[in-house]
Structure formats: C-alpha cells, structure tokens
Amino acid sequence: MKVPLCPVAEIPDAGAKEITFFGRSVLVYKVDGRPRAIANVCLHLGGPLQCEGNTFVCAWHGAEFSCADGRRVKGPARSDARLMVLPTRVEDDVLTYVYEG
Ligand code: FES
C-alpha cells in the first residue's frame, strides 16, 4: 500500500509540518535533509508533540523525544519509549507512506 503524505518541497528544513494520515495527526520533518514522518502521539499519555530544535516535546507533561530516532530523551514516558516512525520513501518528489507487509 502506498499513500502520498506531503510534497517534499512543503516540508520545512527546520521544525515540522502537521498532516493528516487516515484521520490521525502525523508530523513530517527533515533529519539531515532527509524527510521523515512520525505519529503525533506522545508515548506517555498520548499528548501532541511540537518540534523544538532536534527534539519533539510533548505539550502535556513535557516528555522529550529525539527527532533523529524517536527515542525518549527525558520526561515521564518510559525510558525505552520510541515514537512511531512511519515507513516512507520519496516518490516523484512526494514523501510517501509505503507498507509492503
Ligand atoms: S502525555 Fe506526553 S508527557 Fe504526558
């Protein structure tokens, strides 16, 4: 299954852009110039995330996660928590969700 998420040209070089994916909030952003997509759900109690520098910060209780790999940096989420990174690739200059299960 493939689902176009966002034209790469619309993904900011810094920060993140919120899009909707099957009714759920997803953040698209870049790490070292490469586009990525994560589910906009904190792994503590499901709060929304904001991109601050190289970190996603939860608006509810302040948990922080690395933008590079989604791992928890600090805060109330479990120490082994990791944000859900969507499997994607760029096709025709569009970041595309690709599921090949
Ligand atoms: S819901 Fe994100 S830190 Fe609590």
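Just follow the structure's listing: the first ligand is 1, and inside any ligand the first atom is 1.
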Per the ring-ring contact (aromatic ring centres under 6.0 Å, His included) rule, what does the pair list look like for residues 42-86, sequence neighbours excluded? Y29-F56, H44-H61
Could you check whether E18 and S25, counting side-chain N and O atoms only, form a donor-acceptor pair closer than 3.5 Å? yes
Salt bridge present between R34 and D32 (N-O < 4.0 angstrom): no
CG on L5 to OG1 on T96, rounded to 0.5 Å: 6.5 Å
Enclosure of D69 CG (heavy-atom neighbours >12, cutoff 6.0 Å): yes
Would you compute the distance between atom CZ of R82 and atom CZ of R72 and round it to the nearest 0.5 angstrom? 14.5 Å
Taken by chain and residue number, the protein N/O/S atoms under 2.8 Å from atom 4 (Fe) of ligand 1 read H44 ND1, H61 ND1
